[in-house]
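Accompanying notes for the structure given below.
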Amino acid sequence: MFTMIQLGVNIDHVATVRQARGGRNPDIVEAGQAAERGGADGITIHLREDRRHIQEEDLARLTRSLRTRINLEMAATDEMCEIALKYRPADCCIVPEKRAELTTEGGLNVAGQLERIRDVTQRLLSGGIRVSLFIDPELEQISAAYAAGAPVIELHTGRYADAETAETREKELAAIQIAAHQAHAQGIIVHAGHGLDYHTVQPIAAIPSMQELNIGHAIVARSLMWGMEESVRRMKALMREAAQ
Ligand SMILES: CC(=O)[C@@H](O)[C@H](O)COP(=O)(O)O
Ligand SMILES: NCC(=O)COP(=O)(O)O
């Protein structure tokens with residue numbers, strides 16, 4: 001059990017609000033620093049190919065301004081590799097992208113493109129960047145992530161978070177628990193994220209090998225009522241309570 005489970009706060013949707021009108025309000029750096037004051041152990045941003053929210057300038061400004069660390073989510077493209085190697089965030093998480101998607105729909109198919117993912121993983125590792133692969137909780141994908149040489153995986157919690165019945169949620173939770181155990185047994189560091197919120201986070205945080213959760217939309221949504229610091233503080237407290 002990792003008693004000090006960490007929280008990466010994804011601030012993509014602060015940029016979504018900004019992009020609605022352009023300009024610099026709300027300011028992405030202020031949001032990241034407020035999340036850090038609330039207890040964020042890192043800041044996650046997804047620089048999408050379509051730049052719908054986070055821009056490269058956001059990455060540049062956050063790189064200069066944050067106290068903790070940046071987890072850059074990115075597609076497995078040459079463009080994104082070059083940007084990652086330019087700014088050298090502590091972490092890069094390789095995620096699948098489809099332009100038509102509203103948000104990330106599934107995990108990265110590492111098994112189906114192993115050579116490509118291995119190449120991107122090794123290029124980033126060689127640049128001193130820790131690499132995580134965003135995958136569905138499937139044993140085949142864990143084995144492929146290991147074969148690609150990724151030191152970290154982030155288990156996609158979307159099906160669990162979006163489950164419409166208690167039965168489905170229990171089934172999806174069991175899949176995540178099994179996947180986390182399998183990955184940990186292979187020496188892979190286990191993270192999780194996508195769709196988690198204040199009433200679904202604790203069973204995921206309670207998984208013994210879980211070292212970090214990346215949570216964004218629920219925190220940003222709540223920050224409109226509670227403020228960013230308090231929204232992060234409440235999420236972190238729920239996680240720490242569950243992980244004890
Ligand atoms: C990979 C993942 O689940 C999220 O971190 C991702 O950033 C979702 O994309 P949007 O932030 O664009 O919804
Ligand atoms: N990788 C998951 C993440 O960074 C945040 O996802 P969400 O909480 O915005 O769904």
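Quick caveat: nothing in here was measured; it's all calculated off a predicted structure.
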Under a 3.5 Å distance rule, please check whether [X] uses its side chain to pair with a backbone N or O of [Y] as donor and acceptor.
{"X": "Tyr146", "Y": "Gln141", "answer": "no"}
{"X": "Tyr198", "Y": "Ser231", "answer": "yes"}
{"X": "Ser65", "Y": "Leu62", "answer": "no"}
{"X": "Thr157", "Y": "Tyr160", "answer": "no"}
{"X": "Arg64", "Y": "Leu59", "answer": "no"}
{"X": "Gln6", "Y": "Asn214", "answer": "no"}
{"X": "Thr168", "Y": "Glu164", "answer": "no"}

Salt bridge or not between [X] and [Y]? Use side-chain N to carboxylate O under 4.0 Å.
{"X": "Arg51", "Y": "Glu79", "result": "yes"}
{"X": "Glu230", "Y": "Arg234", "result": "yes"}
{"X": "Glu229", "Y": "Arg233", "result": "yes"}
{"X": "Arg118", "Y": "Glu115", "result": "yes"}
{"X": "Arg61", "Y": "Asp58", "result": "no"}

Between [X] and [Y], what is the shortest heavy-atom contact and its length?
{"X": "Ala84", "Y": "Ile129", "answer": "O-CD1, 3.6 Å"}
{"X": "Arg37", "Y": "Arg67", "answer": "N-NH2, 4.3 Å"}
{"X": "Arg123", "Y": "Leu85", "answer": "O-CD2, 3.8 Å"}

Establish, from distance only, whether the side-chain atoms of Thr68 and Asp41 form a donor-acceptor pair under 3.5 Å.
->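 Result is no, nothing qualifies.
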State which residue, out of Ile28, Asn25, Ile54, fulfils the side-chain contact (heavy atoms from CB on, under 4.5 Å) condition with Arg18.
->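 When Ile28, Asn25, Ile54 are each tested with Arg18, the side-chain contact (heavy atoms from CB on, under 4.5 Å) holds only for Ile28.
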For the residue pair His217 and His13, does the interplanar ring angle fall in the parallel (under 30°), tilted (30 to 60°) or perpendicular (over 60°) class?
->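 The arrangement is perpendicular - the two ring planes meet at more than 60°.
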Is there a salt bridge (Lys or Arg N to Asp or Glu O under 4.0 Å) between Lys98 and Glu49 once you walk through the steps?
-> CA-CA 9 Å; Lys98 301 188 198 85; Glu49 290 181 277; over 6 Å; no
